[in-house]
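In what follows, a single structure is set out as structure tokens and then discussed.
Values below: every heavy atom of this structure, side chains too, minus hydrogens, waters and symmetry copies. It should be emphasised that the depicted structure is a prediction, and the values quoted were computed from it without experimental measurement. Below, chains carry the letters A, B, ... as their sequence lines are ordered, and counting in each starts from 1.
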Number of protein chains: 2
Amino acid sequence: VNSFKVTIAYDGGGFVGWQRQADGVSVQGLIEGALSALDERAVTVAGAGRTDAGVHALGQVASFSLERAIECDVLVRALNAHLPAEVRVVSADAVPPTFHARFGATSKTYRYRIWTGPVVSPFERAYVWHVPGPLSIEAMQEAAQALEGRRDFAAFQAAGRAPGSTERTVTSSLVAFDRADDCEGLLTYTVTGDGFLRHMVRTIVGSLVEIGRGRRAAAWMAQIVASRDRAQAGPTAPAHGLFLVRVDYPVG
Amino acid sequence: VNSFKVTIAYDGGGFVGWQRQADGVSVQGLIEGALSALDERAVTVAGAGRTDAGVHALGQVASFSLERAIECDVLVRALNAHLPAEVRVVSADAVPPTFHARFGATSKTYRYRIWTGPVVSPFERAYVWHVPGPLSIEAMQEAAQALEGRRDFAAFQAAGRAPGSTERTVTSSLVAFDRADDCEGLLTYTVTGDGFLRHMVRTIVGSLVEIGRGRRAAAWMAQIVASRDRAQAGPTAPAHGLFLVRVDYPVG
């Protein structure tokens, strides 16, 4: 058995999400299909982040084992030859068979992109949330920082909550303009943590925008956390502004 | 009568090109449709560059006159409200009624994007030509520079040549990696001139890639020009790597 860790980028626009579903095309399904053709048997893939429908990835990580022996660079080429151009395997590494992309991950980083200018470029239309007009970036930065640490993020979880703890540790939560000299352009929210609840990043972003627009004070963010009540948080920002940027694992 | 100059960006992927055609959706047709709805009469638009099917624009310029009086910022918003997200009016300026976007232009700048790395990002797939493997950038730079000046570009014109002179003046013709520290990534060809024949930039790029791959010497470019024969030039590079970047007009 040969075990692999692959890094994958995808344009999530046309997919039902990472995870295989009863209907529609999933990224997991496409990769499992390509691997099953390669290995001439059914192959199951574990993904680090179960991105929702429409969410993109620059550095999703997946793991799987094959019967067939194959070099990493050959695996990358063979997978990309099978996959549509919307999904690309960026790299592959051999790993111990015990490696699991999701359970082994120590942290994940997501980035959300907001376009604040009046007109959205045709080339960005599928990759930003359009929030025209001035946003108070200082208030957003203060509110974002209040999320760092071990917190119960129940208030930011999608309705129909999954079983299990809603506590997560956010190690970094930052709002910034993409260019240092900018004050009306691409605003990004970048968050790193040991795990994320369903819709958590998008609901944080929806709340940050309420604060940026001045409808709420920066201190509102801590009140949302304390409430543990989804009804207290802001709206869920659209999926197409969100990117899974990278997944980290223990060194060695 | 109120005359306007508008700057337009578009993702050319889904269009038959700038110019109205018997079949298919053109950018000109969309803008004329939006303006005709606004002015409640048929409006004809002149575009500076007649980009082909699949070619993109960051700074196309168009001109037209309306019966109705309208502020420039209102015009931008009204047009964008009518247009699909693939086409955006970036800005509008009032001009004298004699202004003509094509005949008045002093120069146009096109950029062609080539991805030389092994894997194309899903987010770039519709906007680069994938030419994997090393290219001799020095040879390409030398060949590109040989095109600067007043030249007869007949050899780079699409078959079924249009009537009229095939002489044009290229003021700048440059090959460069997008990032100064790069040697395998995004390679761009940027060319400025007083006018371009149909397929001229794409055939120059197809020839430059032959040179970059070492199939031809840099001096081949001057031989193609001297031949004035399309059969001597390289292949036509695909449309989706090409962008009309800007159009310049006399100052004042």
Neighbour count above 12 (heavy atom, 6.0 Å) for A/Arg246 CZ:
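Counting other residues, nucleotides and ligands, CZ of A/Arg246 stays at 12 neighbours or fewer.
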Taking atom CD as the centre, does B/Glu71 end up with more than 12 heavy-atom neighbours from other residues, nucleotides or ligands that are less than 6.0 angstrom away?
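Counting other residues, nucleotides and ligands, CD of B/Glu71 stays at 12 neighbours or fewer.
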Go through the atoms of B/Asp11 and report whether side chain, backbone, both or neither lie under 4.5 Å from a heavy atom of chain A.
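For B/Asp11, the contact with chain A is made by backbone and side chain together.
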Using non-hydrogen atoms and a 4.5 Å limit, figure out which bit of B/Val119 sits close to chain A: side chain, backbone, both or neither.
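The answer is the side chain of B/Val119.
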Give the minimum heavy-atom separation between B/Ala9 and A/Pro122, together with the two atoms involved.
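Taking every non-hydrogen atom into account, O-CG, 3.4 Å.
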Could you measure the distance from the CZ atom of B/Arg88 to the CZ atom of A/Phe123? Nearest 0.5 Å is fine.
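Between atom CZ of B/Arg88 and atom CZ of A/Phe123 there are 12.5 Å.
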